[in-house]
Amino acid sequence: MTIKLLLSKIRRIDFEKYGPLFALAILFIISAIASPYFIKTRNLLNILRQVSYTGIIGLGMTFVIISGGIDLSVGSMTALVGGIMILTLNHFGGGVSAILMVLLVGILLGAGAGALNGIIITKGRVAPFIVTLGTMAVYRSLTLYISNAGEFRSNSNLYPELGMGAFLEIPNPVWIFFLLAILCSIILNYTKFGRYVRAVGSNDKVATYSGIRVDRVRFLTYVLVGVMVAVSALLLSSRLNSISSSNAAVNYELDAIAAVIIGGTAMSGGSGTVFGTVIGAIILGIVNNMLNMLGISPYLQGTVKGLVIIGAVLIQKKKKRS
Amino acid sequence: MTIKLLLSKIRRIDFEKYGPLFALAILFIISAIASPYFIKTRNLLNILRQVSYTGIIGLGMTFVIISGGIDLSVGSMTALVGGIMILTLNHFGGGVSAILMVLLVGILLGAGAGALNGIIITKGRVAPFIVTLGTMAVYRSLTLYISNAGEFRSNSNLYPELGMGAFLEIPNPVWIFFLLAILCSIILNYTKFGRYVRAVGSNDKVATYSGIRVDRVRFLTYVLVGVMVAVSALLLSSRLNSISSSNAAVNYELDAIAAVIIGGTAMSGGSGTVFGTVIGAIILGIVNNMLNMLGISPYLQGTVKGLVIIGAVLIQKKKKRS
Amino acid sequence: MDPVAEKEIPLLEVKGISKEFSGVRVLDRVSFSLSRGEIFGIIGENGAGKSTLIKIISGIYHPTEGSLLFEGKSVTVRDAETAHKMGINLIPQEFNLIPEMTVSENIFLGKELRNRWFLDKRAMIEKTRSLLEHLRSDIAADARIESLSVAQKQMVEFAKALASESKLLILDEPTTVLTRKEIDILFEIMRQAKQSGVAMIYISHKLKEVKEICDKVMVLRDGKLISIESSEHLGVHDMATKMVGRELSQIFPPKAKPQEDTVLQVRNLSVPNCLEGVSFDLKRGEILGFAGLVGAGRTELAETLIGIRKKSAGTILLNGKEVYVKNPTRAFASGLAYLSEDRQGSGILTAFGITENITLTSLKRYSRFLLKKKEEALKAQEYVRKFDIKAASLKTRLEFFSGGNQQKVSFAKSLDSDPQIILIDEPTRGIDVQAKHEMYRFIHSLVEGGLSCVLISSEMEEVIGMSNRVVVMKEGRITGILTGDQINEEEIMFYATGLKGVA
Amino acid sequence: PKIRIGVSIPTADHGWTGGINWWAQKAIKEWQAKDPDVTFFLVTADSPAKQVADVEDLMVKGIDALVILAHDSAPLTPIVEKVYNEGIFVVSVDRGLTKPVEHVYVAGDNPGLGRVSAEWMAKELNYKGSIVVLEGIPCVINSERVDAFNEVMKKYPNIKILDSQPAYWSTQKGLEIMENYLQKYDKIDAVWAQDDDVLKGVLQAYKESRRKDILFFLGGAGSKEIIKMVMDGDKQVRADVTYPPSMIGTGISMAVMSLRGEKLNGFYQNQIPSKIILAAELITVGNAKSYYEPDSIF
Ligand SMILES: Nc1ncnc2c1ncn2[C@@H]1O[C@H](COP(=O)(O)OP(=O)(O)OP(=O)(O)O)[C@@H](O)[C@H]1O
Ligand SMILES: Nc1ncnc2c1ncn2[C@@H]1O[C@H](COP(=O)(O)OP(=O)(O)OP(=O)(O)O)[C@@H](O)[C@H]1O
Ligand SMILES: [Mg+2]
Ligand SMILES: [Mg+2]
C-alpha cells in the first residue's frame, strides 16, 4: 500500500514537472537525427537567443496565466516600450548614462503599461482577454503614431553591444533569459506573492476568504509581465539598434502564451511552473529552426508548427494520465 | 418592500440583458451627432453588411464561449473553407447546381474542421486556446499550400449575386445574419442542447453528475461554430468572388470574440446571450465606420478602437453593479 | 490594562445588526455579546440567517445597519484580512480550500511563515504536522487537497483555523461530515481552546452536540433573535421547538416493508484503489443503509454504480438483467438516480435558478423540439411546495440560497428523473431538524411507492432509524450486512472498525 | 469646383506600407495646401474585407475619385467595379484589379524588380556562385518577384540557389532566417533579401556570425537607410532596386489632375495615361544621391 502510494506519487510528480522536458527530449532527438546542422553549438546558441525575447515575456506571462488571466497586449507593448527606449537613448546621447536612463524609462514604462492593463481588469472587472485585446490595439497604434509608422533608429555604437554581445560564449539575451527564469521561479515557489498567484488562479473566492487581496495580486502579475516586456524590448531594440513600429514584436503574445502552455501551465490557472515555460519556449524555437533547416515548403510550415504545439501538449497529457 | 423588490428586479434583468443595447444606444447617438453621413440608410446598411461576416461566426462563438471554450481558428478556417468553396464552384462550372454543391461541401468542411478542433479538445483534454491556436496555423497554412499562396478566384457570374445581392433593399448577408441569430437564440434558450451548453460552462462536474455528456456538448459547440464559419465563408467568397489565401478573414477570430464579449457573455462561460453578440458585432461595426467617417488619423484608429472595445464592456459592468 | 477589568468587557458585542440582500431582509436587528472562553451556539432553521450573521462578523459581508464592538472598541470589519488581523477566524460552511494546493499550503494561506523574503516551507510543514497530530489525523502535510475525502478536508479546515492565533473562532456546521470519533476529538480541542480563553461561535443542526459543547445557545428564526439561553437549562426538544416555532412530532417514520423482488444485484464489483469485491442485493421498496468510517468507499461505490468511475471487475444486474453503465446518462436512463454528497461541487449549478437545476437531469422529458418551459416551471413549483424551498423566485440563482435550501433543490433534481432506484449520499448534511424530518418522511413515502433506496450516511441515527438492512463498509470492502436487531450503533462500529466481520 | 477624393490603402504593416502611408499623407497635405477646393478622405485597412468596407464608407461620403492600393486584386474587384460603374474616377495603384475597372493604373514593376535584381547579381557574381533568397509574405506580389528572379537565374547554370524561404518582409524574421542559413551553408556568395527591412536583419546576422565569405547583399524597394549605405560606398551593399512607395502620391496627383481637367506636362494627349508603370530602377553608388529622401520614413 505505501509502496503503491509512493510509486503513484513519483509518477505524478514526474510527469507534471518533467512532461515538457520529456517532449523537448523527443523533439531534440528527432531534430538531431533529421538535420546534421542541428546539434552544432552555434546553432543551439542561435536557437536559445532567438527564443529569449518571447521567452522572457513568457516568464511574466506564466504568472498572469497561473493567476487565471491572459495578456494579449505584450507584443504591441514590446514595440511601444522599445520605441520609446530608442527615443530616450537618442535624447540622452547614446552613452553609458543614456543606456541606464533607457533601462529606467523602459522598466517604468513597461510596468506602467502593465499596470494600466491590471487596473482596468481588476477595478473595471472586465475580462483580461478583452482588456488586453483592446490595449493590444492601443499600444500598437500609439507606436505607429509616435513614429509616423516608420522606424525608431539609434545611432549609438554602445547600445547594440548589449543585445549583440556574449559572455563566456553565451549571448547576453540567453544569460538574461536564464537568470530571470531562476528569479521568477524563486518568486513563484518561495515567496508569498507566488503562492498567492496560484491561490487566486485556483479559486479567487477562497483566496478572498483567506484574507488575500485578490485584486492586488492580479494587478501585480500584469505589472510583472510589463517589466518582463521592458527587458525583452531592451534586448530586442539593442540587438537591432532600431524598432520598426509596424513590425516589431508582432505575434509575440501568441509565442509567449504558447510557450507557457506547452510548458504545462493550465489555461484555467492555479498551477504551472516557470521551468516549464523555459522548456516550452525552447521547443517552439527548435520547431522554427528545424522548419528552416529542413527546408519544408514555406506554405506548410504553419501546419507543422501548429501540429507540434498541439502534439507537445498532448504528449504531456497522455503521460500524465497513464 | 414589494415595490423595492420589483424595482431591484427590473434593474437587474435590465442591465444583464440590455446592457449591450445600452452601450449601442450611446454609441449610436454619439455617432449620429458626430457625422452627418452616419444615419444615412445606405451607411447603416453598409455597417450591417460589414459586420455580418464576423457576426455570423460570433453567433457560433457565443456557444463555444458559454460552454467555457474558445476558438481562435475561425479566421483561418474561413479562408480554408472559402478557398475550397471556390475550387468546388469552378470544378462544377459555376451554375446553380454548382452553388448548391458549394454550400454542401462548405458546410461539411466547416463542420469537419470544427469537429477536428472539438475532438482534440475533448478527447485529448488539451486547452481550447492551445488547440485552436495550433489549428489556426494549420488551416491557414493549408490554404496557402493549396493555392500556392495566391488567390482562389471564380469566374462565375452567378456566385457574386449571392453575396452582393439584396432582398427588400436589405443585403443578403444581413438577412442571413439576422435569421441565423434568431435560430441560434432559439437553440440557446429553448433546446436541450442550449441548456446543456450553459450547464457545462457553468460547472462541468455538476453537468457530468447530472448525466450530461459533457464532451459531446463541447464537441458540438465547435461543430456549430464550424458550420457558422462555412456560412460566413460562403457569403464572403461570393461577395469578393475570390478568397486570398494569405489575407482573407485574418483576425476574424478577434472580431468574433470581441463581439461575443462586448455582447455581455462572460469569458469564464456559463452565461451569455446570442442577442448580445449581435449587438456586440454592430458596436464594432459602428466604431470602424466612424473611424473612417470622421477621418481619424490612421495611426490612431487602433487607439480609438481599443478604447471603445474596453469602454463598451466597462459601461455594462458599471451599469450592472449600480 | 487591569486583568479584572479586561475580563468584564465582552470580547465581541453585536448591536442591532441587520442585513438585506436586494431588498430582502435576512437579518433583523440581532444583538448579543460574547465573552472570552465562551462557546456560543447558534441554531435555527435553514435560511434563518446564521451563516449571514457570522459572515458579517468575519468581514465577508457588510451589515445594512448595526455595529460591532470588539474588545470594547467599535470596529468596522472591512474584509477577511482585517478580521484575521483582529483574531477572528472562520471555518465556513462550504469548503474553502484550494484543491491544487497541498495541505500545508492551504493551512497557511494568507498567513505564510517567512524568513525574510522567502517562505519558510519547512517550518510550515513542521507546524502542519504538529497541528494534524493534535487533531489526531493521519493526513500527510504535503498531500494535495483534491486527493482528500470530504471529512479529511474538514480536518484541514480545522487545522487552518487553529494555525492562526484566534481570539474568536467561528465554526459553521463543522461536524456534518465527521464521525463520532472525530467529533469527540474536535470537542476536546474546542475545550482546550476554551481553557486558553478563545471564544467560539458554533453553528450546527445537531442539537445534541450543541447542548453538549455550548455554554449559551441563541435561536434565530427568519432573521430574528428568538432567545439566548444557557444550554444547561435548555433541552434538545425545547431547542427544536423554539427553532420551528411549534411542537415537533416523532423524527423517523415507521420503517417501510420491502417487497420480495430484487431490483439491484451487485456482484464482485471492484475499482482499483477504491473498491474490492463488493456484492449486495437491493429489494423493491427497501432502504438499504450504508455505514462506515470516513474513507470507507461508500461514495466511490455510488459513483461506480452510476458510471462515473470505471469498474475493473464485477457485474451489475438491474431487475435480473445485466447492465453496462458506461456513463451517468446511461445509468439515469436505466432508472438510477444519485444525490451527491458534495452539493456545490457536483450537485447543483450555483449560477442557475431552481427550475433549471431541477430539470437538468430529466431535461429530455421537457423537450420535444423545443423546451416546454411552462411544464418545467410547473414541476419546479411543485417541488418548491413539496419541500418548502425558500426562495425569492424560481429564477433566483442558487448561490444566494442557504445550504439547506440548496440541498432541497439538489434532492428534487435527483428525483425528477423518476428513478426506480435512488442512491442517496449524505442526504441531511447541513439540513435543519424540520427539513430533516420532512426529508425522512419523503424518502419513506417514495419507498412505500415502490422506489428502492440506497442510503449512504455518516449519521448513525439516520442509518439506524431509516434502514431495513445496513451494509457496513471498511476500506473499500463490505465487512458485514446487518439485519433486524443487529442494527445498532455498537454492532455497526464493530464492523466499521474491523473488529467484526471479514477484513 | 469642389473635388472630393477617397484614398484607400493598407495599414502600415511593414516598412514599405509604412512608406505608402507616409507618402499618401504627404501628397494629400501638399495638394490641400495648393488647392483648398480639394478634400481628401484617407482610410487604411488591415485586410481585404476591411478595405471593401472602407470603400463602401467612402461611397457614402460621395467621392468624385477613388485612389486605391488594393490589399489583394480579386476581392477588391467587385466593389471597385461598383464604384467605377457609378461614374467615379478610379485610380488603382500597385496591385492591379482582375477586370479593367480603373481609369488609371499606376504601379511599380514587380517582375521587373526580380529581373533587375537577378541580372545585377548575376553580373556581380561573374555568372557563378551560390546564393540564398529571403522571400516576402507568401502572396502574389512575392511570387511575381521571385518567379521573375528565378527565370533569369535559370539562364546561368553556374549560379546555384541554395535556399529560398519567406521572411515576411520583417527585419526580425530576416535575422532569424539568415542565422539559420549561416548555420546550414558553409559557403554563401551572395544574398537576395528582396526587401530592405529584411536586409537589415540579414546584415545583422552576418555581422554577428563574424563570417567573411559573403561578397554582397541585395535588398529591394529603396529604403532611405539602405540607399544611404549605397551612397556611402558600402562594400557589401552596393546596390538597391526601387519599388517606390511614392507611387501612391503619383496616383493621388493623377486623380486630382484628371478631375481638374489638366494634362501631363510634356504629353500631347489630353487625358492622363491609363497605365503608368514605374521602372524598377537600379540604384548604385553613382546615382544614389538622387534617390535619397532624408525626411521620408522609409
Ligand atoms: N449573497 C446573498 N444574496 C442574496 N441572498 C442571500 C445571500 N446570502 C444569503 N442569502 C439569503 O439569506 C438567507 C439566510 O441565509 P444563511 O446562509 O445565513 O442561512 P443559514 O441560517 O446559514 O441556513 P443553513 O442552515 O441552511 O446554512 C437565505 O434566505 C438566503 O437565501
Ligand atoms: N480523487 C481521489 N484520488 C485519490 N484517492 C481518492 C480520491 N477520492 C477519494 N479517494 C480515496 O478513496 C477513499 C474513499 O473516499 P471517501 O472518503 O469519499 O469514502 P466515503 O466512504 O464515501 O466517505 P464519506 O463518509 O466521507 O462519504 C479514501 O481513502 C479517499 O482518500
Ligand atoms: Mg448556513
Ligand atoms: Mg462519501
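Residue numbers begin at 1 in each chain, while the letters A, B, ... track the order of the sequences.
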Inset, instruction - Would you give the length of the straight line joining atom OG of B/S244 to atom NE2 of D/H71, rounded to the nearest 0.5 angstrom? - result: 9.0 Å
Inset, instruction - Can you tell which part of D/N142 gets under 4.5 Å to a heavy atom of chain B, answering side chain, backbone, both or neither? - result: neither
Inset, instruction - Applying ring-ring contact (aromatic ring centres under 6.0 Å, His included), name anything that partners D/Y84, two or more places apart in sequence or on another chain. - result: D/H103
Inset, instruction - Below 4.5 Å from any heavy atom of chain B, which atoms of D/V52 appear? Answer side chain, backbone, both or neither. - result: side chain
Legend entry - Polar side-chain atom of D/K61 near backbone of B/M293 as donor-acceptor pair, under 3.5 Å: yes
Legend entry - D/T44 and B/Y299: CA distance, side-chain angles, deciding distance, side-chain contact (heavy atoms from CB on, under 4.5 Å) verdict: CA-CA 9 Å; D/T44 63; B/Y299 307 140; over 6 Å; no
Legend entry - B/Y252 versus chain D, the contacting section by heavy-atom distance below 4.5 Å: side chain
Inset, instruction - Nearest 0.5 Å please: distance from the OG1 atom of B/T54 over to the NZ atom of D/K50. - result: 12.5 Å
Legend entry - Contacts with chain D made by residues 41-51 of chain B (heavy-atom distance under 4.5 Å), listed by residue number: B/R42, B/N43, B/N46, B/R49, B/Q50
N/O donor-acceptor pairs under 3.5 Å from side chains in residues 162-178 of chain B, not counting sequence neighbours:
from: B/N172; atom 1: ND2; to: B/L162; atom 2: O; distance (Å): 3.0
from: B/W175; atom 1: NE1; to: B/F167; atom 2: O; distance (Å): 2.8
from: B/W175; atom 1: NE1; to: B/I170; atom 2: O; distance (Å): 3.3

Legend entry - Residue-level contacts of residues 153-160 of chain B with chain D, using a heavy-atom cutoff under 4.5 Å: B/R153
Legend entry - Passing candidate, side-chain contact (heavy atoms from CB on, under 4.5 Å) with D/D54, options B/L291, B/N288, B/N292: B/N292
Inset, instruction - Side chain from CB out, backbone as N, CA, C, O: work out which of these in D/I79 comes under 4.5 Å of a heavy atom of chain B, or both, or neither. - result: side chain
Legend entry - Contacting region of D/S73 [heavy-atom separation from chain B under 4.5 Å]: both
